[in-house]
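Accompanying notes for the structure given below.
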Amino acid sequence: MLAYNSEENLSGSQNRRITWDGCSVLLDINDGDRVLFARLTAGSKIKIGDKNCSLQPLIGCPFGSSFQVEVGAGGPFLAPMIPNAEGNGLSEKTDDQTMEECRDNRALVDNNTAQSLTGEDIDGMRRKGATGDEIVQALIANSATFEKKTAFSQEKYRIKKQKKYAPRVLLRRPFARSICEAYFKKHAEKIGFLRVDTLSLLLSLANVTAHSNVLVFDMLDGIVTGSVAERMGGTGYVCNPHCGTTPLPISIVRMFNFSDETCKRILHASLTELQPSTGENSTSDDQLVDECNIKEQQNKDTLSSSAKDMVNMEENSTANMDTDNNVAASPKSAKTVKAGEKAPPETIKHWNENGFSSLIIAAPNLDAWDVAKDLVPLLAYSAPFVIYHQYLQPLATCMHNLQSNKMAINLQVSEPWLREYQVLPSRTHPHMQMSSSGGYLLSGTRISSSDQN
Amino acid sequence: MLPTDSTKTLSFKRCIMEGGLVIVYERHDVMKAVKLSEKGVLQNRFGMFKHSDWIGKPFGSKIFSSRGGFIYLLAPTPELWTLVLSHRTQILYIADISFVVMYLEIVPGCVVLESGTGSGSLSTSLARAVAPNGQVYTFDFHEQRAASAREDFERTGLSSLVTVGVRDIQGDGFPDEFSARADSVFLDLPQPWLAIPSAAKVLQQDGVLCSFSPCIEQVQRSCEMLTSSFTDIRTFEILLQTYEVREGHLPSWQDGDGILASLKGCKKRPHPTNERGNSRPQTVLAR
């Protein structure tokens with residue numbers, strides 16, 4: 001049974017809370033230790049530690065369900081976990097820890113002799129059908145130093161053993177924030193080091209909402225395009241402009257589970273098509289084409305590498321998939337509408353006549369002003385724009401130029417700062433590692449450069 | 001403030017109307033919201049401006065006063081609204097607002113519950129995120145503030161998206177009618193842990209809760225309460241640093257006069273025209 005939140009089909013499939021065959025999911029292994037994307041099909045598998053488990057049990061389950069790796073007669077498999085039992089266990093432990101902790105590590109010697117169970121013993125237990133939790137209990141029981149440890153240390157030990165012998169998988173919906181976090185943690189360079197809070201600011205500062213016409217120059221493989229489309233819920237348009245003839249890759253958009261309606265509103269168009277014909281001499285057009293060809297050459301390097309790396313991010317080893325299953329699955333899951341089609345002429349005309357309602361530029365390897373000078377004029381007046389860059393100086397220069405050319409007001413260069421905390425009784429502190437920079441943003445509002453009264 | 005259909009999207013063709021709301025921009029830190037009326041007049045340091053002159057002009061227009069000063073008329077957005085709204089309580093600003101909307105995973109069509117409403121700063125952005133077919137139900141225990149919020153949502157054209165209720169969420173929880181209906185819940189209360197069990201009841205499976213607290217003790221108590229019905233509990237601190245950008249000249253250390261002038265702190269001059277002599281190279285500086 002699929003549960004829809006709204007009567008209209010506007011965003012129905014985006015709010016599906018139960019997985020389906022062919023959907024894209026985010027798998028969180030061991031509480032954030034490892035996060036990867038997968039496509040759920042009957043034949044897809046996941047490798048955890050040294051075990052290969054089929055993802056088939058995850059189809060038809062609600063997002064937010066947890067699974068634990070168990071070893072059964074047919075090999076390792078993912079067993080659904082009952083949420084309640086887990087929750088109660090944890091709260092009992094916290095009661096113990098609010099008492100004063102008087103143990104410490106003065107008598108503990110780290111010489112690898114504390115654990116009396118060997119690897120063979122554990123294998124033996126598995127063969128006899130012991131669950132992961134039972135193995136963890138046995139390890140605790142056979143540890144000579146366990147009782148001498150502090151309560152915090154005991155919990156850390158227990159969690160460490162559980163992650164190895166009974167790993168857990170949390171099934172999550174892919175959403176702008178989880179996709180961005182996963183990429184930032186593992187392959188930040190592929191999304192130009194765009195951190196989640198920076199992405200969230202891009203969406204707000206650009207006033208992304210339903211029925212908008214958003215111009216998005218996205219060199220981050222589509223993560224910005226996808227996030228913008230997500231906020232528009234199948235209305236309005238997202239246009240990816242490009243110089244020359246080749247649109248930029250937006251493969252990350254595939255991970256969002258977008259409906260056909262949303263996909264057909266993600267379009268691309270060339271810069272020359274978007275610029276209203278001024279009736280000027282054709283030499284300026286040639287100049288533009290030359291500039292664009294140069295940019296295209298620069299882009300080619302980033303283009304080919306990001307397409308390749310996309311495959312690495314989706315770790316559900318397609319190599320393991322049965323090719324027959326693969327072929328059978330594809331007609332079902334093949335979308336009739338693909339995101340990123342060419343914008344039809346009547347849509348381009350609509351944009352020319354009305355201007356875009358906002359602009360986002362995410363091109364951390366290009367000069368900000370170089371891009372802005374061509375794209376800001378495509379905006380309607382009073383439309384907001386935001387430019388993301390990895391470095392501060394290009395944005396400062398761009399801001400200065402926009403000001404002196406009287407193209408924009410309300411200009412601001414900002415840098416978001418984000419710190420995550422571990423919050424546990426008597427163990428609250430910031431995370432040991434923190435990202436020092438999520439990039440810089442230049443935001444502003446377009447105005448007409450000619451003085452009119 | 002928000003386009004209810006594609007004809008209302010900001011464009012060259014959409015013009016300022018009588019009874020409409022504009023943001024009057026004088027400087028980046030001096031702005032105010034003005035509702036146009038036929039006989040309305042705006043007085044400020046630049047002179048006098050008649051509302052009737054604005055009607056029919058596109059948003060983003062530059063308007064001159066009789067004295068020659070000027071202002072810009074901007075289309076309202078939730079960001080601009082946060083900067084101009086009247087503070088009845090401490091409000092959330094853009095960095096927190098953006099982060100919250102992102103983590104609550106709000107998309108068009110969602111049902112979002114919020115308490116307390118406060119001055120409606122976040123509520124305006126929540127409305128933007130759920131538009132055009134979602135709904136924000138926001139609650140405040142203070143009757144007058146709830147009424148002021150309702151007025152603001154009328155003024156900004158958001159009343160079809162935001163419903164304000166007067167209720168003590170800490171004491172009484174969310175109304176039962178919302179059971180398992182909410183996609184996201186946001187709490188900005190002095191004792192959020194008291195509201196967490198009720199939040200868990202109104203949220204759908206895999207729904208998201210966010211609680212905003214200024215003090216670490218509140219955060220700790222809230223996290224403890226969350227462990228029984230929530231997973232993936234995370235705590236963040238977010239700030240936004242702004243940079244000052246100006247054009248300047250950093251003198252060479254061999255230029256004695258230049259160094260003395262920089263010690264005195266020269267005022268920013270307009271970009272020099274390069275007619276006479278050698279103008280010093282100007283660089284754009286950011287800090």
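Quick note on labels: first sequence line is chain A, next is B, and so on, each numbered from 1. These figures come from a predicted structure and were not determined experimentally.
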Can you tell which part of [X] gets under 4.5 Å to a heavy atom of chain A, answering side chain, backbone, both or neither?
| X | value |
| --- | --- |
| B/Phe99 | both |
| B/Asp29 | neither |
| B/Glu79 | side chain |
| B/Ile106 | backbone |
| B/Leu2 | side chain |
| B/Ile233 | neither |

(request) Evaluate the ring pair (Phe, Tyr, Trp, His ring centres under 6.0 Å) criterion for residues A/Tyr381 and B/Phe59: first the C-alpha distance (whole Å), next the side-chain angles of each, then the deciding distance (0.1 Å), finally the verdict. (result) CA-CA 6 Å; A/Tyr381 301 129; B/Phe59 284 103; over 10 Å; no

I need the residue from [options] with the largest number of non-hydrogen atom pairs under 4.5 Å to chain A.
| options | result |
| --- | --- |
| B/Ile238, B/Thr231, B/Ile216, B/Ile23 | B/Ile238 |
| B/Lys8, B/Arg14, B/Arg27, B/Lys13 | B/Lys13 |
| B/Arg128, B/Gln241, B/Met31 | B/Arg128 |
| B/Leu239, B/Thr77, B/Thr242 | B/Leu239 |

With only heavy atoms counted, which part of [X] is less than 4.5 Å from chain B, the side chain, the backbone, both or neither?
| X | result |
| --- | --- |
| A/Leu392 | side chain |
| A/Gln412 | side chain |
| A/Gln393 | side chain |
| A/Leu441 | neither |
| A/Val208 | backbone |

Of all of [options], which one pairs up most often with chain B through heavy atoms under 4.5 Å apart?
| options | result |
| --- | --- |
| A/Leu202, A/Ile409, A/Val196 | A/Ile409 |
| A/Gln422, A/Gln403, A/Arg172 | A/Arg172 |
| A/Asn207, A/Thr397, A/Ile447 | A/Asn207 |
| A/Ala380, A/Pro416, A/Pro384 | A/Ala380 |

(message) When you measure from the centre of the six-membered ring of A/Tyr237, is the NZ or CZ of A/Arg265 closer than 6.0 Å and no more than 45° off the axis?
(response)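 Yes, A/Arg265 lies over the aromatic ring of A/Tyr237.
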
(message) Distance check, rounded to the nearest 0.5 Å: A/Leu199 atom CG versus A/Ser204 atom OG?
(response)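 It is 10.0 Å, given to the nearest 0.5 Å.
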
(request) Please round to the nearest 0.5 Å and tell me the distance separating atom CD1 of B/Ile91 and atom CD1 of B/Ile94. (result) 11.0 Å

State whether [X] and [Y] are salt-bridged, where the test is any N-O pair (Lys NZ or Arg NE/NH1/NH2 against Asp/Glu carboxylate O) under 4.0 Å.
| X | Y | value |
| --- | --- | --- |
| B/Arg287 | B/Glu244 | yes |
| A/Glu181 | A/Arg195 | no |
| A/Glu230 | A/Arg177 | no |

(request) Please assess B/Val208 against B/Tyr103 for the test side-chain contact (heavy atoms from CB on, under 4.5 Å), listing each intermediate value before the final yes or no. (result) CA-CA 8 Å; B/Val208 190; B/Tyr103 267 75; 5.6 Å; no

(request) Answer yes or no: does atom NE2 of A/His431 have more than 12 heavy-atom neighbours from other residues, nucleotides or ligands under 6.0 Å? (result) yes

(request) Tell me, with the steps shown, if A/Asp28 and A/Val169 meet side-chain contact (heavy atoms from CB on, under 4.5 Å). (result) CA-CA 6 Å; A/Asp28 177 331; A/Val169 179; over 6 Å; no

(request) State whether a side-chain donor-acceptor pair under 3.5 Å links A/Ser259 with A/Thr262. (result) yes

(request) Could you go through the salt bridge (charged side-chain N to carboxylate O under 4.0 Å, His left out) check for B/Lys32 and B/Glu26 one step at a time? (result) CA-CA 9 Å; B/Lys32 69 189 282 196; B/Glu26 294 177 25; over 6 Å; no

